[in-house]
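One-based numbering, in listed order, for ligands and for the atoms of each. All values reported here derive from a predicted model rather than from experimental measurement. Side-chain atoms are counted along with the backbone in the values below, which use heavy atoms only and exclude waters and symmetry mates.
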Amino acid sequence: MAFTGLRAFAVIAALAVASNAAPALDTRALCPDGVNRVNNLQCCRFIPVRDALISEIFEGQCGENAHSTVRIAFHDAIGFSTRGGKGGGADGSMIAFGATELAFAANAGIDEIVEDLQPFADAHGVSYGDIIQFGSSVALSLCPGAPLVQTFVGRRNATAPAPDGTVPDPFNPVTQILARMADAGFSPAEVIALLASHSIAAQDEIEPNIARSPFDSTPDSFDTQVFLEVLLKGNVLPGGLGPGEGEVLSPLEGEFRLESDAAFARDPRTACTWQSFVANQSLMSRQFATAMAKLGLLGQNSRQLVDCTEIIPRAKPATRTAAIIPAGKTRQDIEASCAQSAFPNLQTARGPPATVPPVPEQ
Ligand code: HEM
Ligand SMILES: *[C@@H]1O[C@H](CO)[C@@H](O)[C@H](O)[C@H]1NC(C)=O
Ligand SMILES: *[C@@H]1O[C@H](CO)[C@@H](O)[C@H](O)[C@H]1NC(C)=O
């Protein structure tokens with residue numbers, strides 16, 4: 001048997017040299033489950049966690065729960081300051097100290113995903129910091145166009161809640177949000193890269209009468225559409241009420257625009273980064289991946305963690321590399337705001353103007 005095995009190995013090795021088409025030998029270690037192979041055996045235990053997250057929490061979709069998990073990844077991690085004294089960063093304190101942090105106004109609505117993730121983490125013996133950041137990377141893998149985000153596990157339980165005031169509000173001026181984000185270690189360009197997350201987003205809390213209204217017309221796809229649509233002239237108050245605090249006019253029926261997104265798209269400090277993503281899916285997703293990996297390590301020491309990026313599934317590619325002007329709009333509707341470079345040429349969708357449907361509730 002050993003002899004045959006060795007001969008088979010020699011044949012496979014020879015084939016691999018002879019032809020690029022021959023299957024490469026899998027040298028990765030076999031997990032205790034006897035099925036999965038990994039480079040780092042410490043990642044094995046997260047494979048069933050990944051699979052259960054996808055089937056039980058996300059239901060296989062880039063839907064509400066996947067979106068909410070990316071949002072909680074931000075709200076948990078940003079409870080941090082490079083100067084200290086503002087919480088432990090990506091440590092799961094949003095769940096462990098939910099009685100404190102979920103009561104902060106900026107965390108409105110986060111309680112729903114905590115209700116799902118807390119018992120899930122407990123059942124799988126995973127720390128809250130890990131379930132949030134690992135979960136966010138797995139959630140993104142369900143959204144076409146999303147990048148693979150470098151993902152670590154092994155965070156310890158939080159020891160204290162973050163104080164109020166670490167999470168930006170959509171009615172805060174750009175200067176204030178940039179200052180808060182700088183305090184946590186992010187440049188203005190990184191803030192805009194992180195806002196690619198609003199490509200898979202909807203609101204519930206500002207205008208509850210139009211619950212689940214998305215920030216772009218394609219909330220189940222991690223595409224560049226949000227960077228174009230936020231720049232379109234606003235003329236609609238979706239739902240007819242309001243505007244709520246932090247809401248401004250949107251360009252499309254059913255679509256919701258945050259005051260802060262509108263301001264970032266037009267502010268001289270951030271407008272050119274914003275515009276650079278409109279027709280450049282790969283630039284947007286790469287910059288987001290880098291900033292998101294940094295977010296997931298706030299307050300953590302990566303040398304004390306385990307890199308399990310290898311078990312995060314790859315998302316399908318986005319259908320387009322550039323945003324498309326929604327039907328009924330023209331180039332004249334774009335409030336181009338970058339003084340240094342021309343606005344890219346884009347295709348226009350045909351047909352009658354469409355109403356953006358809400359993200360289905362999960
Ligand atoms: C920097 C300033 C930011 C502000 C002012 C802001 C504000 C908001 C607001 C008001 C909502 C709607 C919440 C609701 O009513 O349910 C929202 C949703 C969301 N945000 Fe942000 N956000 C910011 C940055 C970020 C960042 C950095 C991320 C992630 C990296 C993020 C990810 C999301 C996601 C995924 C949603 C959708 C949640 C869902 O549909 O369930 N946001 N954001
Ligand atoms: C983290 O806290 C949970 C309960 O909140 C507990 O079950 C778990 O053992 C703790 N993990 C560590 C590493 O202390
Ligand atoms: C996307 O951005 C990168 C980096 O700036 C640039 O090299 C590339 O040419 C851009 N692609 C398009 C289609 O604009």
Side-chain angles (χ1 to χ4, degrees), residues 62-78 90 105-113 116 132-133 136-137 139-140 143 146 149 166-174 176-182 184 186 188-208 210-216 219-220 222 224 226 244-247 256-264 270 272-273 275-289 291-296 298 320-323 341-342 344-346 358-362:
C62 180
E64 182 185 9
N65 288 346
H67 302 172
S68 301
T69 302
V70 176
R71 181 175 178 229
I72 193 178
F74 173 52
H75 287 225
D76 186 42
I78 205 65
N107 292 331
I110 299 270
D111 56 320
E112 286 184 35
I113 195 65
D116 290 334
I132 289 174
Q133 300 300 329
S136 166
S137 294
L140 286 163
C143 305
V149 174
T166 65
V167 178
D169 277 308
F171 48 82
N172 294 154
V174 166
Q176 184 181 341
I177 298 179
L178 289 181
R180 172 73 274 276
M181 295 300 285
F186 293 95
E190 288 175 319
V191 174
I192 303 309
L194 286 173
L195 284 171
S197 58
H198 284 179
S199 173
I200 50 161
Q203 73 83 37
D204 274 339
E205 303 295 331
I206 299 176
E207 273 300 341
I210 37 161
R212 314 304 324 141
S213 46
F215 299 163
D216 76 359
D220 52 4
F222 195 92
T224 67
V226 71
E245 202 184 11
E247 176 184 15
F256 191 95
R257 182 179 288 170
L258 290 177
E259 187 176 355
S260 48
D261 285 351
F264 278 124
T270 48
C272 291
T273 307
Q275 177 177 298
S276 74
F277 295 149
V278 168
N280 202 329
Q281 172 75 27
S282 69
L283 180 67
M284 178 198 77
S285 64
R286 271 184 290 121
Q287 308 281 71
F288 171 77
M292 202 64 199
K294 179 172 166 177
L295 185 72
L298 288 187
R320 290 191 188 83
T321 59
S341 52
N345 283 314
L346 302 173
V359 173
E361 203 170 334
Q362 276 186 315

Any N or O of [X] that comes nearer than 3.5 Å to an N or O of ligand 1?
X	answer
Ala202	yes
Ser260	no
Asp169	no

Where is the nearest protein heavy atom to [atom]: which residue, which atom, and how far?
atom	value
atom 4 (C) of ligand 3	Leu283 CD1, 3.9 Å
atom 14 (C) of ligand 1	Asp204 N, 3.3 Å
atom 3 (C) of ligand 3	Asn280 ND2, 3.6 Å

**OP:** Could you tell me whether atom 11 (N) of ligand 3 has at least one protein heavy atom nearer than 4.0 Å?
**Re:**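 Yes.
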Subject >> Nearest-option assignment for atom 31 (C) of ligand 1, heavy atoms, candidates Ala263, Ser197, Ala106 >> reply: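 Closest candidate by heavy-atom distance is Ser197.
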Subject >> Full working for ring pair (Phe, Tyr, Trp, His ring centres under 6.0 Å) between Phe288 and Phe277 >> reply: CA-CA 10 Å; Phe288 171 77; Phe277 295 149; 9.8 Å; no
Original post:
With a 4.0 Å heavy-atom cut-off (strictly under), which part of Leu195 contacts ligand 1: side chain, backbone, both or neither?
Top reply: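 Only the side chain of Leu195 comes within reach of ligand 1.
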Original post:
Taking only heavy atoms of Leu258, which atoms of ligand 1 are found under 4.0 Å from at least one of them?
Top reply: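 Under 4.0 Å from Leu258, ligand 1 has these atoms: 7 (C), 8 (C), 9 (C), 10 (C).
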Subject >> 4.0 Å heavy-atom contact, Pro170 with ligand 1 >> reply: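 Yes; Pro170 lies near enough to ligand 1 that a heavy-atom distance drops under 4.0 Å.
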**OP:** Begin from the C-alpha positions of Gln203 and Ser213 and carry the test side-chain hydrogen bond (donor to acceptor under 3.5 Å, both in side chains) through to its verdict.
**Re:** CA-CA 6 Å; Gln203 73 83 37; Ser213 46; 3.1 Å; yes
